[in-house]
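This structure is a prediction, so every number in the text was calculated from the model and none was measured.
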Amino acid sequence: MPDGTKRKPEVVTARFWTNMHVPPGRAFAVEALNRLDVVREWMPQLFSNLGVAGSVDLYATRVGRNKVGSYGWHLDTVDALIYVLQGAKRVRVAGHYPGSKVTMDKVLSAGSMVYVPGGRFHVLHALPIDVDAKTAGLVVALSIGLFNPNEDLLQVRTDTYRSAFEHRNLLWSDMTSHSAFLPENFPRKPEVVYADKDALDSKGFGAIHRRVLQKDALRLAMLLRQGAEVNLHSQPPEGPSLTPLGLAACCVDDEEVALLLTAKLLEFGAEPTVEFHDGENFSAVQVAHRRNEAFAAQMALRLYAASDSSEL
């Protein structure tokens, strides 16, 4: 509830709740802040100033004479832009493996920000503004979650860490010695650079191929708007090399969804030649024809419409 309202008692205001539930040494979060009506008015201005857009969480910590951590060491499945609104935050960033070397250690003051790539372990502490102050002050920061192209691979790795280390209360310096909690041969380094939108995974597929196979039209569109290569060739250990359009034609079992994905790929300039195998190339219509004639006809119509609109 907004502060200063005269129609409601003080007990329902945000300031009263904060004073009651967040004494010195504690923190609270408002997740998905950008969904609140009162925030939507100024959020576009913030995104315009920062040059980014994403989901926004607010973290507030009441700090007395000692530093306060809102989380322990953790990683995110999104790229995070941490923007300090009030007070000071110490941010430390390590690698992709528990116990790895800290590569960034800096103090951010109000108006400063830092970028933390998805999959990198990091920890934040709110610092005392004035150790001699008689009252504790609030340290407030925004965390803006930016879409990571390889979020699906990141999620799998994160879930593995969670199942291995959650609720064990291990210190960061002890993490390496507890690596036995992880599956045997768990890689210290991830299989791809998560920020690389065209990186191929261990199966020879890029993020754009996986989103087609997952029938995820929304994230496919986000990848395309980020500039992912629409004609990226897969490199599987066996079988033909396919573009994302080729995968939509051959391997998405729901034909209606396959055509929806096809339309999105064509909108961003997908080429009609989609399969490459032993020196032979095949078009999307030829690949679709292996399923049935009706589907191939629908594919041909979409290709014709796309070529016609490009000529206009």
Side-chain angles (χ1 to χ4, degrees), residues 1-22 26-62 68-72 74-87 89 91 108 110-120 122-124 126 138-156 158-159 162 166 194-195 197 207 211 214-226 228 260 264:
M1 301 297 296
D3 289 327
T5 176
K6 296 179 180 179
R7 292 177 293 172
K8 291 181 170 55
E10 183 189 9
V11 71
V12 299
T13 63
R15 191 175 304 282
F16 183 91
W17 186 95
T18 303
N19 291 338
M20 178 68 70
H21 295 281
V22 192
R26 286 193 180 180
F28 71 93
V30 181
E31 297 189 339
L33 186 74
N34 47 295
R35 295 184 183 182
L36 300 178
D37 289 337
V38 72
V39 173
R40 287 177 180 169
E41 299 175 8
W42 54 264
M43 195 61 69
Q45 182 65 46
L46 175 69
F47 289 158
S48 175
N49 290 344
L50 298 179
V52 298
S55 177
V56 181
D57 301 330
L58 179 142
Y59 297 97
T61 311
R62 195 177 297 283
V68 182
S70 53
Y71 280 123
H74 65 287
L75 55 86
D76 297 315
T77 57
V78 295
D79 297 344
L81 189 67
I82 299 166
Y83 180 60
V84 179
L85 292 174
Q86 181 174 307
K89 282 264 191 185
V91 182
L108 301 181
S112 303
M113 61 181 143
V114 68
Y115 169 75
V116 180
R120 296 280 293 272
H122 57 286
V123 65
L124 289 81
L138 279 176
V139 175
V140 184
L142 295 179
S143 178
I144 304 173
L146 309 175
F147 174 68
N148 185 289
N150 291 287
E151 177 190 7
D152 54 336
L153 299 182
L154 239 174
Q155 186 66 58
V156 172
T158 302
D159 290 343
R162 181 178 292 112
E166 197 168 40
Y194 292 125
K197 51 188 176 291
R211 292 310 185 186
Q214 293 162 4
K215 309 174 192 176
D216 194 334
L218 175 60
R219 284 179 171 78
L220 174 63
M222 293 171 72
L223 277 169
L224 291 167
R225 290 193 183 99
Q226 276 192 335
L260 173 67
K264 183 57 63 178

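- Leu146 contributes atom CG, which lies 11.5 Å from atom CD of Glu151 (distance to the nearest 0.5 angstrom).
- The list of salt bridge (charged side-chain N to carboxylate O under 4.0 Å, His left out) pairs with a residue in residues 28-38, not counting sequence neighbours, reads Asp37-Arg40.
- Side-chain contact between Phe147 and Gln226 is present, with heavy atoms from C-beta onward closer than 4.5 Å.
- With rounding to the nearest 0.5 angstrom, the CG atom of Leu142 is 4.0 Å from the CG atom of Leu85.
- Between Asn150 and Leu154 there is no side-chain heavy-atom pair separated by less than 4.5 Å.
- With Gln155 contributing its side chain and Thr77 its backbone, the two residues share no donor-acceptor pair below 3.5 Å.
- In this structure, OG1 in Thr158 is found 11.0 Å from NE2 in His74, a value given to the nearest 0.5 Å.
- For the pair Leu260 and Ala217, the tightest heavy-atom approach, listed with the atom from each and the gap, is CD2-CB, 4.2 Å.
- Rounded to the nearest 0.5 Å, atoms CG (Leu218) and CG (Asp216) are 6.0 Å apart.
- Nearest heavy atom pair, residue Tyr194 against residue Leu153, reads CE2-CB, 4.1 Å.
- Considering only heavy atoms from C-beta on, Leu108 stays 4.5 Å or farther from Tyr83 through its side chain.
- Note that CG of Asp76 and OG of Ser143 are 6.5 Å apart. Values are rounded to the nearest 0.5 Å.
- Here the closest heavy-atom approach between residue Tyr71 and residue Val123 is recorded as O-CG2, 3.7 Å.
- A distance-only check finds no donor-acceptor pair linking the side chain of His122 to the backbone of Leu75 [under 3.5 Å].
- Residue-environment remark: CZ (Arg120) exceeds the threshold of 12 foreign heavy atoms within 6.0 Å.
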List the atom pairs, donor and acceptor, that lie under 3.5 Å between side-chain atoms in residues 47-61 and the rest of the protein, sequence neighbours left out.
unit_1, atom_1, unit_2, atom_2, d
Asn49, OD1, Gln45, NE2, 3.1
Asn49, ND2, Gln45, O, 3.4
Asp57, OD1, Ala32, N, 2.8

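- Between the Arg211 side chain and the Arg219 main chain, no donor and acceptor come within less than 3.5 Å of each other.
- Closest of all the heavy-atom pairs between Asn34 and Val39 is CA-CG1, 4.4 Å.
- The heavy-atom pair separating Leu223 from Pro149 by the smallest distance is CD2-CB, 3.5 Å.
- The closest side-chain heavy-atom distance from Lys264 to Leu224 is below 4.5 Å.
- Across all their heavy atoms, Gly145 and Val78 have their closest contact at CA-CG2, 3.8 Å.
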